[in-house]
Every structure is written in C-alpha cells, then in structure tokens.
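Here the structure is laid out as structure tokens; the discussion comes afterwards.
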Protein chains: 2
Amino acid sequence: MSLNIQSEIDIMKVASSKINEVDFENLTFGNVFTDHMLVCDFKEGAWQKPAIKPYEPFLLDPSAKVFHYGQAIFEGMKAYKTEDDSVWLFRPDENYIRFNKSAERMCMPEVPESVFLDGLKELLKIEKDWVKKGKGNTLYIRPFMIAIGSGVVAQPSTQYRFMIILSPARAYYSGEVKVLVADYYSRAANGGIGAAKAAGNYSGQFYPTKLANEQGFQQVIWTDDSTHTKLEEAGTMNVFFRINDTLYTAPTSERILDGVTRKSLIDLAKREGIHVDVRPVLVSELVEGAKNGTLKEIFGAGTAAVVNPIVGFSYQDTYYELPKIENSMALALKEKLTNIQYKLAEDTFGWTVKV
Amino acid sequence: MSLNIQSEIDIMKVASSKINEVDFENLTFGNVFTDHMLVCDFKEGAWQKPAIKPYEPFLLDPSAKVFHYGQAIFEGMKAYKTEDDSVWLFRPDENYIRFNKSAERMCMPEVPESVFLDGLKELLKIEKDWVKKGKGNTLYIRPFMIAIGSGVVAQPSTQYRFMIILSPARAYYSGEVKVLVADYYSRAANGGIGAAKAAGNYSGQFYPTKLANEQGFQQVIWTDDSTHTKLEEAGTMNVFFRINDTLYTAPTSERILDGVTRKSLIDLAKREGIHVDVRPVLVSELVEGAKNGTLKEIFGAGTAAVVNPIVGFSYQDTYYELPKIENSMALALKEKLTNIQYKLAEDTFGWTVKV
Ligand SMILES: Cc1ncc(COP(=O)(O)O)c(C=O)c1O
Ligand SMILES: Cc1ncc(COP(=O)(O)O)c(C=O)c1O
C-alpha cells in the first residue's frame, strides 16, 4: 500500500475534456476512450515511473516485438458508479493476479501492484465523470502490456509498455445469441497459452468465428482440441449449462481462462442453494439434454457481457433450440451479480472495492 | 506482372545512408535495419498505394487491435548477392503464397502480388548495397502485416498495415545446439493456428524455451499437444532425423509450418539419391535410435538458420548425445542448398529469382 501514490505518478492533464462530445446513450463497445491513459515502461530490468497523460497515439519501431511475435497480454475490468456518486471496482485483485500469471506465461515482467492497482485508482479519480450512474452503464477498463523492444529475432523483448485505457460502455452483446459448438477448429492447446489472456489467443478465433457468423451464429463454444468432445469456453466468456436444476461448468485448466465472472457466479449460485457441478461437460450430454428436454439453459459469463443467455446451439450441422423458460437462472444470477456490483445489494463476499 | 511498377510506388529516399555506420563483420541477427522500408495500408476494403520511405517509427493508437488481439503475421526470406553483383531471391513465390495463407487463417486481407513481390524487388533495388557478397552474408527480409484499426472489441480489424523491413545478417545460431523434446508444453493445437506464421505462435514459445535454456538447451522440439509422442518442429525450424541412411521428417499439417527450406531439402536429398521418408516420427523412435546407435543426425531447417545440426537431445530428463559422424547429410545438404542460393551451382529446380 502506498499512502502517497499521487507523488509517484507523473500527471499531465488534457487542456479540455472531450466528454461533452460523447453520446453516452449510443455507445458501441470499446470505441470511445476517455481523456487520459496510464503508461509505464519497463527497461533495463526495471519499471520506470508511471505517468497519467492525455490519451494519444504513440511511436513504435517497425521491428517492435509485439508486431512480430505477439508478446502482449491484457485484462478486462469495469468501474461502476452508485447513486451517491462513488466509483467501485469488482474484485480488481483477481484481475491483477491473473495479469501477472499471463505475464509469466508470456515471458514478460510482473507489473507491481503500485502501478496496476494504485495507478488504476488514480486514473479513475481523474476520469470519474466518465463513469455514468445507472445499471448497465460502466466504464470498461483495459490494462495491457506489450513488448516494445526492437529486433526481429524470435526472443522475448527486454522492453515493455504497460498501459491502462478506459472506455465508457453499455451492454456488449445485443440481440439473441446462438452458438456453434466447435468440432474442427480450436482455441487452445494442451500445454499452450489458453489460460493466459494473451493477445494471440484472440486473433486465432477470428476466422472460425467469421465462418460461424456466416452460418448465423454469433459465437463459438470451443471444445478440447484433442477430441472435440468436451465443452470449454466461448471467445471472451466462460460457459454454464443448466441441466434440470443443476448448473454445470468446465473446470478451469491450462486451456481455459479462469474467469472472475465465472467464479463469482459459482459462489453466488451456491449461496442461493443452486447445485453447481464443476466438471468436464461433454458435447454428447448437451445434445442428449437438448433432445430429451433436460437442458434448460446455456449462458456465457464474462466481464464485458456479464451474463449472456444463449438461445440455441448447433453441433455438426444440427441446430438445437432451447426451450423458453420462466425462472431463468441466468437472469436471476445476473441480477444478483449486478446488484452487488452497483451496490444495490449487500456485498457479503467483500468483492467490491471503492476507488 | 506490372511493367512499370516504379510509378505505382511512392518513393521517398533518405538524405544520407547510415550504411557506413554498420559493422557488417559483427552483426547480431535482426538488430540493424536498412535505410528504407516498404509500407502499404489497407482501409475501407482496399489496399492503398504502397510507399518506400525512410525506416522510422510510426504512430499507433493505444487501442490498435495488434496490441490487444495479436492479429499479426509475418514472413522470413533472404536476398543473396553473387560475385557479379546481382541480387537474388530464393523461391519468393512460396513465401508470398504462405503469407496469404496465414492472412486467411488470421482473418486478414490478402496482400496483392504487386505489393508483396514487386514492392520487395523495388525495395531491394534501392537497398542493393546492403546485400554483401560472400557465402553466409545475406539480407534478411521481413514482410509483415499488423492490424492497426482501433477499438478494444475482440473482432477482426478493418484496417491493416503491410510492411517490409530489411536486416543484414550472418548466421542465426552460433555454437553447439542441444535441444529439449517437449513433454508438457506445446506450440500448436489441432484446429489451431500452428501452420500460420502468426505472431502469437512465437511468444507462446518464449517461456518454455526459457525453461529449456536454463537447463542448457538452446531450442525446444515440439511434439503434438494431444499425446506428446510425435515430433513436430522447432521454434523457427522444421526438423529432420537421420536414422541409418534415411532422412525422416514429419508431414506438414495444420500444426506445423510448411517450411520452404524443408521442402527444398527434401527435393535436394531425393535428387542426391537419399531416401527421404515423410511420415510422423515418434519420440520413442528417436530414443530407441539414440540408444542403439542408428540415430545418426538431427537437424533443423529454416530460412534464418538454413541448416542447423543438433548435437544431442533431452527427453524426460535423460540426455542423449549424438555420435560425431563423418559425411554429415546435414552439412552436405546445406552446402548444396547454399550453393544454389548463391548461384555457385546450377539451379536445376528453377528456385532462384533475380531482382
Ligand atoms: C477467453 C476468455 N474466457 C473467459 C472470460 C471471462 O473472464 P472474466 O469473467 O474474468 O471477464 C474472458 C474475458 O474476459 C476471456 O477472454
Ligand atoms: C515455426 C516455423 N517452422 C519452420 C520454419 C522454417 O520455414 P522456412 O524454411 O520457410 O524459413 C519457420 C520459419 O521460418 C518457422 O517459423
């Protein structure tokens, strides 16, 4: 804990804010950024002094390692504003720890807490007007680190840049979500980087997702690459399956991201007396459940989308539509989770952190 | 074929070359770049006019997709200079085709031949003094494409930048190379992006390679991620195994890069009457061969290193040293290949292309 963090960050403010140019009612996800960003460079084996400065493009050498070898990681978090105008984070320590796990797997330096967490809070204080009140309004937080050292030899960089940028956001997905269950393409290898929030994991999904989109599916649910029989996760969400009144979700592994939303929903569901079974879920169980009517719900869980109900899935050219149900667990859990995030319900877990 | 390519590229030359500052006798791979680079942007669904201009850093938005989602691909080629001062490329069409295959897998636009191949030739004409005569001297060519569109939603970019940068180079590896055969970590998934020269494939190898380095091994030979029983390739090289007098190498697949050096060596070896067997090679065969003395050679094959003899390998904590042999196939094939590349032997295959 640094008591006097302000003095440890260089702060350069914009002359005038662009906030009045932003239409907060009509935001598309991740396109508008706030006035300032946090920047901190790593060189000669040490993190330099962080700076909060105007959001703006920066120069990189054409041979920067991030361009050639994809040495880059990120996180995704949100800030929420309550009726009394205070700003809150949701389990930021989890993102901080996961970021450094990703860093280790990608051979990048650990980012200190004073830069990631204290720096984030400082940035949020400056940008507090960008966090809007009202459920559904959030400020999406994107901490990331890229290899900025130059040279086209395939080796880890010796220079890195850590940054935090902020983007006001509303819901991530809109409309009905139908998914394709992967039977050929994969997201992650055994012994690979799937559990890290590494840049390369995401672009690898673009092409198979495009093929799915062309067939009318918004997302792909990935399966294990060896057998394509076990359900893993979606592009930026973990997935839950409700069979009768039990919730199933795959255990996290070196192939699956350990989602904060996922683990929070598991705890919330258990508290509500819902039976949660964390074990490998087979595609065959899903198909079986869809056929005999025991499969009641499928939903994705992630920071951007929160909880994303899925109306049906396709597997090997057969489409299975889920029944319309009352008492959706997905929606009930989403309500409970967002109530905690917006401080509308008591946070018995101690998940929320005031900025 | 464009007859009048010069007029289709904007050319801006440096005021004075930095070539005299470069110590061509003491180059470390990939750190020095020539005076100019080729740049061509893709936006609004079309490739813009390419430009050859001074090598220099460029500006990118902090939310550029390449930083967050690793949408980036590259190629690696070389230019060679003969005694009569002409400059040659080796099978550039292969790199061009592979580049566009990588582009497709990473959901990026195809680059036109006029930009990639004609642009490269134009750039090489300007930089011809950077290609030095004498075997071992080359100009390493790095074409690459990055997603430059902004926005942190995990979707393909709509804007891209294609670039070619050039780096004078000598040998890539120096000293004895010992390798570790992977039994836990992996490079590529079934249905993944392993066959593409995608940026994310390389940074994923940094950490396991660092662990191998710490144990005294320069490289990792990857195995299939499902069973870790099949030998695949090294970080930036395909691999060959000589058992008795037969050369074995794995078939290329969606997990293994289709190397130009590999396929050229196969053709060369066949022409020399060497028996080449392209089939999955098991780790157990390697261990067996090392124990009973039938395993004579292991070598890597790739543009940067050309042919890289490997003196021994470790698998599950046992180190197997290869016998010192005369009549190394690796060295004989390397000699034949480089003789073709430097126009010291007749190019019966039609592989070399004059700039
Ligand atoms: C691959 C992947 N899975 C799951 C998630 C969900 O994780 P979280 O709930 O921490 O946002 C994300 C990201 O946000 C992700 O990128
Ligand atoms: C993963 C990988 N395998 C093999 C090779 C060898 O391919 P080439 O002979 O075309 O250089 C490379 C690269 O150059 C590579 O990156």
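Letters A, B, ... are given to chains in the order of the sequence lines, protein chains preceding strands, and every chain is numbered from 1. These numbers come from the heavy atoms of this one structure, side chains and all, not from hydrogens, waters or symmetry mates.
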*Heavy-atom distance under 4.5 Å to chain A: side chain of B:I165, backbone, both or neither?*
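Only the side chain of B:I165 comes within 4.5 Å of chain A.
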*In terms of heavy-atom proximity below 4.5 Å to chain A, should B:R142 be classed as side chain, backbone, both, or neither?*
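For B:R142, the side chain is the part near chain A, not the backbone.
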Toward chain B, the part of [X] with a non-hydrogen atom under 4.5 Å:
{"X": "A:S150", "answer": "backbone"}
{"X": "A:F58", "answer": "both"}
{"X": "A:I146", "answer": "side chain"}
{"X": "A:E254", "answer": "side chain"}

*Residues in salt bridge (charged side-chain N to carboxylate O under 4.0 Å, His left out) with A:D41, at least two apart?*
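Once residues adjacent in sequence are excluded, the partners of A:D41 under the salt bridge (charged side-chain N to carboxylate O under 4.0 Å, His left out) criterion are A:R161.
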*Spell out, as yes or no, whether a donor-acceptor pair under 3.5 Å connects the side chain of A:S203 to the backbone of B:Y69.*
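Here the side-chain-to-backbone pair exists.
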_Sequence neighbours excluded, every pair satisfying salt bridge (Lys or Arg N to Asp or Glu O under 4.0 Å) that has a member inside residues 204-214 of chain B_ =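 Residue pairs with at least one partner in residues 204-214 of chain B: there are none.
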*Enumerate the residue pairs fulfilling salt bridge (Lys or Arg N to Asp or Glu O under 4.0 Å) with a member in residues 57-76 of chain A, sequence neighbours excluded, ordered by first and then second residue.*
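Qualifying pairs, neighbours excluded: A:E75-A:R98.
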*Would you call the rings of B:F144 and A:F67 parallel, tilted or perpendicular if under 30° counts as parallel and over 60° as perpendicular?*
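Rings of B:F144 and A:F67: parallel, under 30°.
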_Student check: side-chain heavy atoms of A:F74 and B:V152 closer than 4.5 Å_ = no
*Tell me the residues of residues 184-191 of chain B whose non-hydrogen atoms fall below 4.5 Å from those of chain A, in number order.*
B:Y184, B:Y185, B:S186, B:A188, B:A189, B:N190, B:G191
*asked:* If the test is side-chain contact (heavy atoms from CB on, under 4.5 Å), which one of B:M106, B:E104, B:M108 qualifies with A:Y207?
replied: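 For A:Y207, the side-chain contact (heavy atoms from CB on, under 4.5 Å) test succeeds with only one of B:M106, B:E104, B:M108, which is B:E104.
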